**Q** 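Structure provided below as structure tokens; questions to follow.
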Amino acid sequence: MKVVIAIDSFKGCLTSTEANMAAAEGVRRACPDADIVQLPVSDGGEGFLEAFTTVVGGQVVETVVRDPLMRPVTAKYLLHDATAVIETAQASGLTLLTEEERNPMVATSYGTGQLVADAVRRGARHVIVGLGGSATSDAGMGMLRALIDAFAPRGSWDDVSALKPVRFTIASDVKNPLYGAHGAARVFAPQKGATPEQLAPLDARARKFADISARHFGYDRSQSEGAGAAGGLGYAFLQYLDAKCLSGIHLLLDAIRFKELVKDAAFIITGEGAADRQTLMGKLPMGILRRAHGVPVVLIAGQVSDSAQLTAAGFSQVLCINPPRLPRAEALRKAVAMQNISQTCQRLFSLS
């Protein structure tokens, strides 16, 4: 029996690889002879780089860039032939800041631009950028400034000719526009430490930048799908670098030839930290379900609600890994989470 395991990270608790390992252990206890395939996965946020490195291979490049507060930080990206894979969270991630440091009014995406510049200097002609987990809401202005500093010392974007041969793809499942009621600032900035009083100025800053940019280029991509991703970093790639926006999980599944991997599988196990109706809005487990090609997909999660809707969407089973009344702090401990995933999968296949 072949089982494919592709679980998203449990934010603040487990990486995708750790969650997969725990699930595989549980399956093996119940079915020692099972053929288990573990696939690290990500929709563009944390773990995107690791997932691509695992399934595609290539050279992991380390370089010192600036974090969201312009402090030096060592970040990584993947270089495979002439393709670079960059994870925004490596340089501009929320996890690089303490809770007290989080402030989208000052956080910058400059470091992500430095990663792009380094990759281009090393020969990258296709740059894939996973958007997710950012601490910023600067509409990508920091990223663009880093590219100007790297390639146009006179300070004009029009002089950044080194990027003309480079093709850009942004990986994101965020559909939000840059600004407005559903824009980057009003929807996502509170998660990054913004106070209610900061939302209007952040939104106005993004709108002003988009107006200036539209006048310069003669077109406006501020309302395009993905423009609001990573605090508007998606907009900067779309507007200034003519990037193509693709679903992060579908991009990864195409790269690993997921269709071929699952065609003879008996089950697929996917999961995430919390499964609810938002899962149905294009989150990673739905990406797995849509590409399952008829193979039953089991969804596991640390928290489960709206299970009837999830089952109706096509998941064969929706399972909560945590026993009732387990304190949240205890559930978030790595060892506890891995044990509960393992036990859940062991019970599942003991009954199969």
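None of these values were measured; they are calculated from a predicted model.
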**Q** Flag the pair Val3 / Asp35 as yes when at least one side-chain heavy-atom distance between them is below 4.5 Å, and no otherwise.
**A** no
**Q** Take a 6.0 Å sphere around NZ of Lys283 and say whether it holds more than 12 heavy atoms from other residues, nucleotides or ligands.
**A** yes
**Q** Identify whether Val166 and Trp157 are in the same connected component of the hydrophobic contact network (ILVMFWY, side-chain heavy atoms under 4.5 Å).
**A** yes
**Q** For the residue pair Ala139 and Leu178, what are the closest heavy atoms and their distance?
**A**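 Nearest heavy atoms, Ala139 then Leu178: CB-CD1, 4.0 Å.
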**Q** Using the rule that two of Ile, Leu, Val, Met, Phe, Trp, Tyr join whenever any of their side-chain heavy atoms come within less than 4.5 Å, decide whether Leu49 and Val61 are in one cluster.
**A**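 Hydrophobic grouping puts Leu49 apart from Val61.
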**Q** Between Asp211 and Arg215, is there a salt bridge with N-O shorter than 4.0 Å?
**A** no
**Q** What's the shortest heavy-atom distance between Leu199 and Ala194, and which atoms?
**A** CD2-CB, 3.9 Å
**Q** Evaluate side-chain hydrogen bond (donor to acceptor under 3.5 Å, both in side chains) for Thr279 paired with Glu272, printing each intermediate quantity in order.
**A** CA-CA 9 Å; Thr279 300; Glu272 59 184 340; 2.4 Å; yes
**Q** Please name the pair of heavy atoms, one in Asn322 and one in Ala331, separated by the smallest distance, quoted to 0.1 Å.
**A** ND2-CB, 3.8 Å
**Q** Hydrophobic cluster membership, with links at side-chain heavy-atom distances under 4.5 Å among I/L/V/M/F/W/Y: are Leu238 and Tyr219 in one?
**A**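 Looking at the clustering, Tyr219 is in the same group as Leu238.
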**Q** With Ala204, which residues qualify under side-chain contact (heavy atoms from CB on, under 4.5 Å), at least two apart?
**A** none
**Q** Within the distance-only criterion (no hydrogens, no angle test), does the side chain of Ser16 pair as donor or acceptor with the backbone N or O of Val41 below 3.5 angstrom?
**A**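 Checking the backbone N and O of Val41 against the side chain of Ser16, a donor-acceptor pair under 3.5 Å is found.
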**Q** A side-chain contact here means heavy atoms from C-beta on lying under 4.5 Å apart; do Val298 and Ile268 qualify?
**A** no
**Q** Does the side chain of Ser109 come under 3.5 Å of the side chain of Ser92 through a donor N or O and an acceptor N or O?
**A** no
**Q** For Asp149 and Tyr110, does a side-chain donor sit closer than 3.5 Å to a side-chain acceptor?
**A**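 A donor-acceptor contact under 3.5 Å links the two side chains.
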**Q** What is the minimum heavy-atom distance between Pro40 and Asn20, and which atoms define it?
**A**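 So the two residues come closest at N-ND2, 3.5 Å.
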**Q** Any heavy-atom pair between the side chains of Gln278 and Asp306 that's under 4.5 Å?
**A**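 Contact flag for Asp306/Gln278 side chains = no.
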**Q** Mind listing the closest non-hydrogen atom pair of Ala152 and Val160 along with its distance?
**A** CB-CG2, 3.8 Å
**Q** side-chain hydrogen bond (donor to acceptor under 3.5 Å, both in side chains) between Glu225 and Asn176: does it pass, once the steps are laid out?
**A** CA-CA 6 Å; Glu225 287 191 355; Asn176 303 62; over 6 Å; no
**Q** For residues 5-14, dump all side-chain donor-acceptor pairs below 3.5 Å to protein atoms at least two apart in sequence or in another chain.
**A**
none

**Q** With a 4.0 Å cut-off, would you call Arg325 and Glu330 a salt bridge?
**A** no
**Q** Looking only at side-chain N and O atoms, does Asp220 offer a donor or acceptor that is under 3.5 Å from a partner on Ser222?
**A** yes
**Q** Establish whether Leu233 and Val187 are linked, either directly or via other cluster members, by ILVMFWY side-chain heavy-atom contacts under 4.5 Å.
**A** no
**Q** If you apply the rule side chain to side chain contact (heavy atoms under 4.5 Å, CB included), what do you find for Val60 with Thr53, and how did you get there?
**A** CA-CA 8 Å; Val60 176; Thr53 302; 3.8 Å; yes
**Q** Looking just at side-chain N and O atoms, do Gln309 and Asp276 make a donor-acceptor pair shorter than 3.5 Å?
**A**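 The criterion, which ignores hydrogens and geometry beyond distance, is not satisfied for Asp276 and Gln309.
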**Q** Does Ala236 offer a backbone N or O that forms a donor-acceptor pair with the side chain of Gln239 under 3.5 Å?
**A**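 No; judged by distance alone, with no hydrogens or angles, the pair does not exist.
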**Q** Begin from the C-alpha positions of Glu50 and Thr17 and carry the test side-chain hydrogen bond (donor to acceptor under 3.5 Å, both in side chains) through to its verdict.
**A** CA-CA 9 Å; Glu50 179 188 17; Thr17 297; 2.6 Å; yes
**Q** CZ of Arg71: more than 12 outside heavy atoms within 6.0 angstrom?
**A**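 It does: Arg71 CZ has more than 12 such atoms within range.
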**Q** Check whether any side-chain heavy atom of Met1 sits under 4.5 Å from a side-chain heavy atom of Cys31, and report yes or no.
**A** yes
**Q** Using side chain to side chain contact (heavy atoms under 4.5 Å, CB included), reason through Leu299 and Leu319 one step at a time and then give a plain yes or no.
**A** CA-CA 6 Å; Leu299 173 62; Leu319 305 173; over 6 Å; no
**Q** Let me confirm one number: the CZ-NE2 distance from Arg290 to His293, rounded to the nearest 0.5 Å.
**A**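 Arg290 CZ to His293 NE2: 13.5 Å, rounded to 0.5 Å.
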**Q** side-chain hydrogen bond (donor to acceptor under 3.5 Å, both in side chains) between Asp158 and His216: does it pass, once the steps are laid out?
**A** CA-CA 10 Å; Asp158 294 330; His216 179 82; 3.1 Å; yes
**Q** Taking the side chain as C-beta and beyond, is there a heavy-atom pair between Leu147 and Leu241 under 4.5 Å?
**A** yes
**Q** Between Val64 and Pro72, which heavy-atom pair has the shortest distance, and what is it?
**A**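 Nearest heavy atoms, Val64 then Pro72: CG1-CB, 4.0 Å.
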**Q** Measuring from His126:NE2 to His80:NE2, what's the distance to the nearest 0.5 Å?
**A**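 NE2 of His80 is found 12.5 Å from NE2 of His126.
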**Q** Hey, do the aromatic rings of Phe209 and Tyr240 have their centres closer than 6.0 Å?
**A** yes
**Q** Tabulate below the donor-acceptor pairs under 3.5 Å that side-chain atoms of residues 252-266 make, not counting sequence neighbours, or state none.
**A**
residue	atom	partner	partner atom	Å
Asp254	OD1	Arg291	NH2	2.4
Asp264	OD1	Lys2	NZ	2.9

**Q** What do the steps show when you test Ile128 against Thr83 for side chain to side chain contact (heavy atoms under 4.5 Å, CB included), and what is the final call?
**A** CA-CA 7 Å; Ile128 300 170; Thr83 297; 4.0 Å; yes
**Q** For the pair Phe237 and Phe168, name the ring-plane relationship: parallel under 30°, tilted 30 to 60°, perpendicular over 60°.
**A**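 If you compare the ring of Phe237 with that of Phe168, the planes turn out tilted.
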**Q** So how far is it from Phe315 CZ to Leu280 CG, rounded to the nearest 0.5 Å?
**A** 7.0 Å
**Q** Is the shortest side-chain heavy-atom distance between Leu96 and Pro68 below 4.5 Å?
**A** yes
**Q** Does Arg122 qualify as a cation-pi partner of Tyr77, given the criterion of NZ or CZ under 6.0 Å from the six-membered ring centre and within 45 degrees of its axis?
**A** no
**Q** Side chain of Glu101, backbone of Thr98: donor and acceptor closer than 3.5 Å?
**A** yes
**Q** Would you confirm whether the ring centroid of Tyr179 sits within less than 6.0 angstrom of the ring centroid of Tyr235?
**A**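 For Tyr235 and Tyr179, the ring centres are not under 6.0 Å apart.
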**Q** Taking atom OG1 of Thr270 and atom CD1 of Ile288, what is their separation to the nearest 0.5 Å?
**A**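 With rounding to 0.5 Å, OG1 (Thr270) is 4.5 Å from CD1 (Ile288).
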**Q** With no hydrogens and no angle check, do the side chains of Lys192 and Thr136 hold a donor and an acceptor under 3.5 Å apart?
**A** no
**Q** Less than 4.0 Å between a side-chain N and a carboxylate O, is that true for Arg221 and Asp242?
**A** yes
**Q** Is it true that Phe52 and Leu284 fall in one hydrophobic cluster, defined by side-chain heavy atoms closer than 4.5 Å?
**A**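 Yes, one cluster joins them.
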**Q** Check whether any side-chain heavy atom of Arg205 lies under 4.5 Å from a side-chain heavy atom of Met141, and answer yes or no.
**A**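 Touching, per the 4.5 Å side-chain cut-off.
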**Q** Using side-chain heavy atoms (C-beta onward) and a distance below 4.5 Å, is Phe151 in contact with Asp159?
**A**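 No - every pair of side-chain heavy atoms lies 4.5 Å or more apart.
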**Q** Quick check: does any side chain N or O of Ser224 sit under 3.5 Å from a backbone N or O of Ala227, one acting as donor and the other as acceptor?
**A**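 Between the backbone of Ala227 and the side chain of Ser224 there is no qualifying donor-acceptor contact (under 3.5 Å).
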**Q** Verify side chain to side chain contact (heavy atoms under 4.5 Å, CB included) between Val106 and Leu69, making sure each step is shown before the conclusion.
**A** CA-CA 7 Å; Val106 299; Leu69 297 182; 4.0 Å; yes
